[in-house]
There are 2 protein chains.
Amino acid sequence: MATNIRDVAKAAGVSVATVSKVLNGYTTVNQKTKEKVLRFVKEMQFQPNSAARSLVGRRSMTIGIFLTTGLSHPFFTEILSGMEEALKENGYDLIYLAQFSWDNKEYSFVRHCQSRNVEGVVVFGFQHEDMSFEELIESNIPTLFIDLDVKEGRAGYISSDNEEAVERAIGYLIGLNHRKIGFLSGDKASYVTRHRFDGYRKGLAEAGITYREDYVAPGDFSREMGYQGMQKLLALSDRPTSVVCCSDMSAIGAMEAIRDAGLSVPEDISVIGFDDIEMASFVRPALTTVRQNMKHIGRKSIELLDRLIVDKELAPPEAIVPTELVVRDSCGPAKA
Amino acid sequence: MATNIRDVAKAAGVSVATVSKVLNGYTTVNQKTKEKVLRFVKEMQFQPNSAARSLVGRRSMTIGIFLTTGLSHPFFTEILSGMEEALKENGYDLIYLAQFSWDNKEYSFVRHCQSRNVEGVVVFGFQHEDMSFEELIESNIPTLFIDLDVKEGRAGYISSDNEEAVERAIGYLIGLNHRKIGFLSGDKASYVTRHRFDGYRKGLAEAGITYREDYVAPGDFSREMGYQGMQKLLALSDRPTSVVCCSDMSAIGAMEAIRDAGLSVPEDISVIGFDDIEMASFVRPALTTVRQNMKHIGRKSIELLDRLIVDKELAPPEAIVPTELVVRDSCGPAKA
DNA sequence: CTGAAAGCGCTTACAG
DNA sequence: CTGAAAGCGCTTACAG
């Protein structure tokens with residue numbers, strides 16, 4: 001049906017081996033021959049069968065993607081758009097191994113990758129306790145974790161600079177004379193939450209403010225838990241005048257709780273979000289938040305993975321991406 | 001490295017052919033043999049190399065996806081989550097052919113599909129005028145278009161019932177005594193806009209209302225154009241008391257224009273959106289809108305495609321998915 | 001019911 | 001510089 005290497009060899013009057021060599025950039029082939037072959041390749045729109053190629057041990061040029069959340073995680077969308085660019089630039093296609101599910105113990109993700117001849121894997125949405133990555137690490141498949149600090153064998157990771165981000169947010173609030181600053185936590189088990197919490201403590205410490213446990217409300221990034229967490233903070237006799245949240249969604253929930261308590265943002269309480277999702281600029285007051293450069297993270301994750309794939313000796317990378325504080329209308333000076 | 005069919009054949013003490021046969025469900029193999037083979041397959045976690053499989057003409061179990069928008073289209077996210085389920089149920093993996101770009105004339109998407117041995121393709125985000133689908137149609141690769149009425153060869157499509165949706169929205173407004181109903185158009189060239197416009201005219205006609213060209217504002221689904229389009233409508237001496245929009249984003253833009261003109265929703269003007277994106281329930285007033293069942297569309301698109309792949313004789317499908325009017329706070333009775 | 005052999009489309013030593 | 005041949009891991013007639 002579709003043209004194969006033999007067709008173009010025949011058309012060009014050379015052997016299959018020669019066509020293969022020009023396709024693979026061997027320098028030993030004569031310039032004239034090379035040009036002739038290339039002409040036919042182009043004319044016949046020949047594109048080598050990737051299955052045959054990977055079968056003989058050549059590169060498959062596919063990267064697998066592995067998510068807890070499914071492809072539809074709102075957040076992942078932006079990561080993807082960054083990945084796309086880098087994928088294209090480096091010649092990869094992206095394969096989503098839909099067959100996999102964690103709960104199926106009979107099934108091995110690693111085996112699936114191998115059966116698909118995937119060259120590398122991006123992993124997103126997992127926490128350490130979710131599972132053991134042993135099999136993946138031992139398989140030696142180049143792997144890049146997003147937002148999880150795995151650095152072992154041929155696996156590295158990339159994440160925002162979560163600690164510095166919150167530290168800076170705290171600094172901003174302190175500049176507005178806040179001293180009573182609450183923290184609306186994300187999922188406790190999560191890598192990013194831990195680092196954001198570290199940033200919180202560090203920011204406080206730098207300003208000489210004593211850490212108060214009751215100023216930290218539990219959460220899980222959701223709007224609902226943001227609402228509930230904020231209610232707890234509001235119930236305090238000596239309640240905070242500001243709060244930094246581990247996600248925009250929970251910040252939005254917090255703002256609702258504040259409003260429902262008859263208070264207002266930012267007059268009574270200042271709130272800072274995290275992520276800068278689209279909605280952050282839509283809510284009223286528009287949310288001041290930490291912008292994560294997810295697009296960059298997506299692009300970089302592919303670039304790092306590519307290097308890991310190409311260079312077998314490369315030490316696993318560890319990339320920390322700067323964030324940006326986007327100041328909008330949800331923070332104001334602390335009430336005296 | 002990874003175990004192959006020869007390893008399990010050896011372990012089970014049978015020939016490679018026999019292993020292959022049990023793997024492929026041949027009924028000619030002895031029950032005992034079959035069980036033995038299966039035991040080793042499981043024990044050794046054997047998973048056949050998909051490259052070798054597709055090379056011999058067996059199914060590759062991959063579906064390609066083809067988008068104008070990139071994977072990160074906010075809308076596509078929900079479609080994907082529906083696709084995921086159906087992909088899993090039917091044993092496919094999803095491959096995103098990142099290498100492709102429309103502007104590259106040297107490059108053929110069809111050839112890329114062929115070189116990847118993709119069994120079917122889902123196409124999303126294109127309009128008729130964007131390009132010619134000739135090559136794709138002629139290739140006879142089973143194809144499913146989302147939101148574009150291509151039905152030819154082995155290509156079919158799926159879309160929401162756009163016409164009925166707007167017709168019903170109009171009916172709802174008429175029930176609120178509106179007679180002056182505007183239409184905020186989406187991209188003129190788009191399939192969905194055309195059908196929504198048809199629904200608009202039909203809804204009007206059913207209520208015996210004369211169509212007025214000046215009640216139709218141009219747009220492109222964006223917030224900005226929603227804002228501008230609404231401004232045009234507001235400038236009319238005899239302005240509409242309500243407007244149905246071709247997207248939630250443009251409805252949000254329209255609400256801003258109304259507010260900026262010193263009017264309010266729904267007291268002065270009622271507005272209806274389209275899509276029911278997450279933000280629709282966040283804006284104030286919460287947006288009454290047409291909910292598209294994108295998840296169902298995603299799931300169904302894979303199911304239909306699977307049938308098309310499996311049954312070579314199947315006529316190309318055409319699926320129209322019902323919508324739902326989600327009533328929130330952006331519509332009220334027409335002012336007398 | 002089972003297995004030996006050919007072949008899918010490529011690449012890569014190897015010989016010339 | 002070029003090509004014949006072996007082989008990647010599988011499946012499928014075919015013979016037994």
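In what follows, every heavy atom counts, from backbone to side chain, and hydrogens, waters and symmetry copies are set aside. Letters go in sequence order (proteins before strands), and every chain restarts at 1.
- Atom pair B:N4:CG and D:dT11:C1' shows a separation of 14 Å (rounding to whole Å applied).
- Across all strands, A:V16 comes closer than 4.0 Å to base atoms (heavy-atom distances).
- For C:dC10, the OP1/OP2 oxygens have no side-chain nitrogen or oxygen of A:S20 closer than 4.0 Å.
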message: Pair B:D147, B:S159 - check side chain to side chain donor-acceptor pair (under 3.5 Å), show working.
response: CA-CA 5 Å; B:D147 281 351; B:S159 186; 2.8 Å; yes
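- Exactly one of A:I302, A:D306, A:L144 qualifies for a side chain to side chain contact (heavy atoms under 4.5 Å, CB included) with A:I63. That residue is A:I302.
- Residue B:T33 places at least one side-chain N or O closer than 4.0 Å to OP1 or OP2 of C:dT2.
- Ring centroids of A:F145 and A:F133 are separated by less than 6.0 Å, placing the two rings close together.
- The CG atom of B:D7 sits 12 Å away from the P atom of D:dC8 (whole-angstrom rounding).
- The distance between atom CG of A:L23 and atom C1' of C:dT12, rounded to the nearest whole Å, is 14 Å.
- For B:A52, counting side-chain heavy atoms from C-beta on, the closest listed nucleotide (D:dC10, C:dC10, C:dC8) is D:dC10.
- The CD1 atom of A:I5 sits 11 Å away from the P atom of C:dT12 (whole-angstrom rounding).
- Rounded to an integer number of Å, the gap from CD of A:Q31 to C1' of D:dT2 is 16 Å.
- Comment: A:E89 engages A:R299 in a salt bridge, judged by a side-chain N to carboxylate O separation of less than 4.0 angstrom.
- Here A:R58 reaches the OP1 or OP2 of C:dT12: one of its side-chain N or O atoms lies under 4.0 Å away.
- Between the B:N24 side chain and the B:Y26 main chain, no donor and acceptor come within less than 3.5 Å of each other.
- If you measure from atom CZ of A:R6 to atom P of D:dG3, you get 15 Å, rounded to the nearest angstrom.
- At the phosphate of C:dT11, OP1 or OP2 sits under 4.0 Å from a side-chain N or O atom of A:R53.
- For the pair A:V56 and B:G13, both in contact range of DNA chain C, the more 5′-proximal nearest nucleotide belongs to B:G13.
- Checked by atom type, the side-chain pair B:S190/B:D187 shows no donor-acceptor distance below 3.5 Å.
- Map B:V29 and A:L55 each onto its nearest nucleotide of DNA chain C; the residue landing nearer the 5' end is B:V29.
- Residue A:R116 contributes atom CZ, which lies 22 Å from atom P of D:dC8 at whole-angstrom precision.
- Aromatic rings from A:F109 and A:F66 are positioned such that their centres are separated by under 6.0 Å.
- Of the candidates C:dC10, C:dG3, D:dT11, C:dG3 carries the atom nearest the B:S15 side chain, counting heavy atoms from C-beta on.
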Enumerate all atom pairs, one protein N or O and one N or O from nucleotides 13-16 of chain D, separated by less than 3.5 Å.
none

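- Between D:dC10 and B:N49, no contact under 4.0 Å exists linking OP1 or OP2 to a side-chain N or O.
- With A:E119 as the fixed residue, the salt bridge (charged side-chain N to carboxylate O under 4.0 Å, His left out) test singles out one of A:R53, A:R59, A:R58: A:R59.
- Shown here, D:dA4 forms no base pair; nothing in the strands shown gives a Watson-Crick or G-U wobble contact with both key distances under 3.5 Å.
- Searching all strands for a Watson-Crick or G-U wobble partner of D:dA13 with both distances below 3.5 Å returns nothing.
- When distances run from any side-chain atom of A:N30 to the nucleotides C:dC10, D:dC8, D:dT2, the shortest one goes to D:dT2.
- In this structure, B:K10 atom NZ and C:dA4 atom P are separated by 13 Å, rounded to whole Å.
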